[in-house]
Amino acid sequence: MFYSKDTLLISPDKRPDYQKIEDYPEVVILGHSNKWPDILTSVSNKDPNIVVLNHTQIKKKESVYFQSYGRSMLYIYTSEGSLSLHTEIVKAAFNGAKYIINIGCSGGLNDELNIGDIVICNNAIRDSGFGNLLASPDQTAECSSFLNTLLLNSAIRLRNNNIQNFPKSKIGNVWCVNTLYYRKEDALRAKEKGCDIVEMEAETGAITTGWLNYNFFNDRPIQYSQISYISDKLPINTQEWTDIFANGNSYSMIKGKIDSLFVVLDTFKNSNI
């Protein structure tokens, strides 16, 4: 179960910077790379229907306010780690966000998925520990099935239209951990439980949003989803470890970010939400 806000020493709805902002975009994209502003600018240069309106950078805080086919959206840079992700989700929710999509990379556990393929996260095996601050260990960590379905439909549409050799996409389960280093037997156990990828944020995002909806937004639930493109394949069978970042090819994973962005933009372009 989710813990009640009544148990808190300080409640987020009392913070002056966690209050609804007039005309705050309903769609918020969270990313973890300083390449995102350049990606958004590049995409907008190729499509006149995508317009960057404002790029703000204050110390380590960075955001890009833009419109896609008339829909206002906000990209927020989120440094790595559960606390940063949790803080940005809580703040965005109270400011007025309704749809929050986290985009990041992951390690592949599913033999049928390759580097660059996209997993729209569903359930998370909770091994990161962060969610225990907001919910009991038996609480499931689930992203929005409603939003996930829309995202998958867009990913399938983009692939069928052969948009820039668009990758394979699926709704999948996540093994969520709190470290980059783990034992082979743990990875095999997660794979046996049906996990397609391993990464470090799905539990935090799903539990944070579920906790917010339980305590503050029950009448207008926040829809949270996570798109994880695969950047490496784990050597849990007989294959060797294949890691884009370790091989010095991190630039090639910009395509993973762009593909994930296209899924989000197409979703809100082609739906009535």
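Heads up: numbering here begins at 1 and tracks the sequence.
Note on residues 88-133: pairs passing ring-ring contact (aromatic ring centres under 6.0 Å, His included), not counting sequence neighbours, are H86-F130, F94-F216, F94-F217, Y99-F268. Pairs of residues two or more places apart, or lying in two chains, that qualify as ring-ring contact (aromatic ring centres under 6.0 Å, His included) and include a residue from residues 21-61 are W36-Y75.
The existence of a salt bridge linking K269 and D266 is excluded, since no basic side-chain nitrogen approaches an acidic carboxylate oxygen closer than 4.0 Å. A salt bridge links E26 with R71; the closest basic N to acidic carboxylate O contact falls under 4.0 Å.
Residues satisfying the side-chain hydrogen bond (donor to acceptor under 3.5 Å, both in side chains) test with N95, not counting sequence neighbours, are none.
For the pair N114 and D117, the tightest heavy-atom approach, listed with the atom from each and the gap, is N-OD2, 2.8 Å. Nearest heavy atom pair, residue S231 against residue I115, reads O-CD1, 3.9 Å.
E203 CD to Q226 CD: the interatomic distance, rounded to the nearest 0.5 Å, is 11.5 Å.
When only modelled atom types and interatomic distance are considered, E199 and S106 share no side-chain donor-acceptor pair under 3.5 Å. A donor and an acceptor atom, one from each side chain of R126 and N132, are located under 3.5 Å apart.
Counting only distance, with no hydrogens or angles, the side chain of N45 and the backbone of T41 share a donor-acceptor pair below 3.5 Å.
Residue K5 places its NZ atom among more than 12 non-hydrogen atoms of other residues, nucleotides or ligands, all under 6.0 Å distant.
Just one residue in the list L150, N148, T149, I156 forms a side-chain contact (heavy atoms from CB on, under 4.5 Å) with L152, and that residue is I156.
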Decide salt bridge (charged side-chain N to carboxylate O under 4.0 Å, His left out) for D111 and K191; before the verdict, give the C-alpha distance in whole Å, the side-chain angles of both, and the deciding distance to 0.1 Å. CA-CA 10 Å; D111 295 331; K191 182 179 180 181; 2.9 Å; yes

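In this structure, R15 forms a cation-pi arrangement with Y18, its terminal cationic atom sitting closer than 6.0 Å to the ring centre and no more than 45° off the ring axis.
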